[in-house]
Amino acid sequence: MTDCIFCKIINGDFGTEFVYEDDNAVVFKDINPKADVHLLVVPKEHVADLNECSEELIGKLMSVVKKVTVQEGIKSFKTLINTGKDAGQEVFHLHIHILSGNIKF
Ligand code: 5GP
Ligand code: ZN
């Protein structure tokens with residue numbers, strides 16, 4: 001999607017460093033971290049939110065959560081998915097927050 005910030009990041013438009021990447025998803029650091037570690041797991045396919053996400057894809061994304069936390073040695077963490085504006089979603093390209101250490105929300 002051309003006007004989607006996360007699609008642009010996935011496309012490499014901003015040179016964002018990926019902590020993890022596979023066929024289905026990328027993981028990068030949140031630009032405004034709410035914890036010592038704040039990562040975003042983002043599907044390569046543009047999916048607006050969890051309501052639009054298939055069971056297959058959410059399963060793959062949760063698998064990425066497990067892989068990247070193992071890779072980064074993160075043992076204690078919170079996962080968060082905001083779905084919809086009223087719930088605080090600001091970027092309408094599905095993402096799973098991973099937060100660890102001094103979590104501010
Ligand atoms: P939401 O509120 O939609 O669940 O979370 C969106 C998150 O994306 C926020 O935590 C925000 O800091 C992060 N974010 C927004 N724009 C960018 C960006 O351009 N780069 C990165 N790395 N994170 C972003
Ligand atoms: Zn997108």
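One-based numbering, in listed order, for ligands and for the atoms of each. Residue numbers count from 1 along this sequence.
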Participant: Test of geometry: compute the angle ND1(H93)-the Zn ion (ligand 2)-SG(C7) and round it to 10°.
Facilitator: 110°

Participant: Identify whether I96 and V68 are in the same connected component of the hydrophobic contact network (ILVMFWY, side-chain heavy atoms under 4.5 Å).
Facilitator: yes

Participant: Which of the atoms in ligand 1, numbered in the order shown and given with their element, are less than 4.0 Å from a heavy-atom of N32?
Facilitator: 12 (O)

Participant: Between Q89 and ligand 1, does any nitrogen or oxygen pair lie at a separation below 3.5 Å?
Facilitator: no

Participant: Measure the acute angle between the ring planes of H93 and H46, then classify it against the limits of 30° and 60° as parallel, tilted or perpendicular.
Facilitator: perpendicular

Participant: Ion pair present between E17 and K29, side-chain N to carboxylate O less than 4.0 angstrom?
Facilitator: no

Participant: If you measure from each non-hydrogen atom of H97 to ligand 1, which part falls under 4.0 Å: side chain, backbone, both or neither?
Facilitator: side chain

Participant: Suppose I only count heavy atoms of N82 and a 4.0 Å limit; which atoms of ligand 1 are within that range?
Facilitator: 1 (P), 2 (O), 4 (O)

Participant: Do V26 and I81 belong to the same hydrophobic cluster, where Ile, Leu, Val, Met, Phe, Trp and Tyr are linked whenever their side-chain heavy atoms lie under 4.5 Å apart, directly or via other members?
Facilitator: no

Participant: May I ask whether L39 and I58 are part of the same hydrophobic cluster, defined by side-chain heavy atoms of I, L, V, M, F, W, Y residues being less than 4.5 angstrom apart, directly or through others?
Facilitator: yes

Participant: Under 4.0 Å, heavy-atom basis, I'd like to know which part of L40 is in contact with ligand 1: side chain, backbone, both or neither.
Facilitator: side chain

Participant: Is I81 in contact with ligand 1, taking contact as a heavy-atom separation below 4.0 Å?
Facilitator: no

Participant: For atom 2 (O) of ligand 1, grab the closest protein heavy atom and report residue, atom and distance to one decimal in Å.
Facilitator: G88 O, 2.9 Å

Participant: Backbone or side chain, does any N or O of K29 fall under 3.5 Å from an N or O of ligand 1?
Facilitator: yes

Participant: Verify the neighbour count for atom CG of D13: are there more than 12 heavy atoms of other residues, nucleotides or ligands below 6.0 Å?
Facilitator: yes

Participant: What protein heavy atom is closest to atom 11 (C) of ligand 1, reported as residue, atom name and distance in Å?
Facilitator: D30 OD1, 3.4 Å

Participant: Any atoms of ligand 1 less than 4.0 Å from a non-hydrogen atom of I5? List them with their elements.
Facilitator: 19 (O)

Participant: Could you go through the side-chain contact (heavy atoms from CB on, under 4.5 Å) check for H97 and K78 one step at a time?
Facilitator: CA-CA 8 Å; H97 297 258; K78 178 182 285 190; over 6 Å; no

Participant: Same cluster or not: are V27 and F18 linked, directly or through other Ile, Leu, Val, Met, Phe, Trp or Tyr residues, by side-chain heavy atoms under 4.5 angstrom apart?
Facilitator: no

Participant: In the protein, which heavy atom is nearest to atom 3 (O) of ligand 1, and how far is it?
Facilitator: E90 N, 2.7 Å

Participant: Taking N or O atoms only and a 3.5 Å limit, does I31 qualify as a polar contact for ligand 1?
Facilitator: yes

Participant: If I consider every N, O or S atom in H46, which one ends up closest to the Zn ion (ligand 2)? I only need its name.
Facilitator: ND1

Participant: Checking a contact table here: which protein heavy atom is nearest atom 15 (C) of ligand 1, and how many Å away?
Facilitator: V91 CG2, 4.0 Å

Participant: Given side chains that start at C-beta, do those of D23 and K60 come closer than 4.5 Å, heavy atoms only?
Facilitator: no

Participant: Answer yes or no: does atom NZ of K66 have more than 12 heavy-atom neighbours from other residues, nucleotides or ligands under 6.0 Å?
Facilitator: no

Participant: For atom 6 (C) of ligand 1, find the nearest protein heavy atom and state the residue, atom name and distance (0.1 Å precision).
Facilitator: H95 NE2, 3.4 Å

Participant: Show the atoms of ligand 1 that are less than 4.0 angstrom away from any heavy atom in F6.
Facilitator: 8 (O)

Participant: Got V42 and F28 here, is their nearest side-chain heavy-atom distance under 4.5 Å?
Facilitator: yes

Participant: Are F6 and Y20 co-members of a hydrophobic cluster defined by side-chain heavy atoms under 4.5 Å apart?
Facilitator: no

Participant: What atoms in ligand 1 come closer than 4.0 Å to a heavy atom of I9?
Facilitator: 18 (C), 19 (O), 20 (N)

Participant: Would you kindly specify which portion of F92 sits under 4.0 Å from ligand 1, judged on non-hydrogen atoms: side chain, backbone, both or neither?
Facilitator: neither

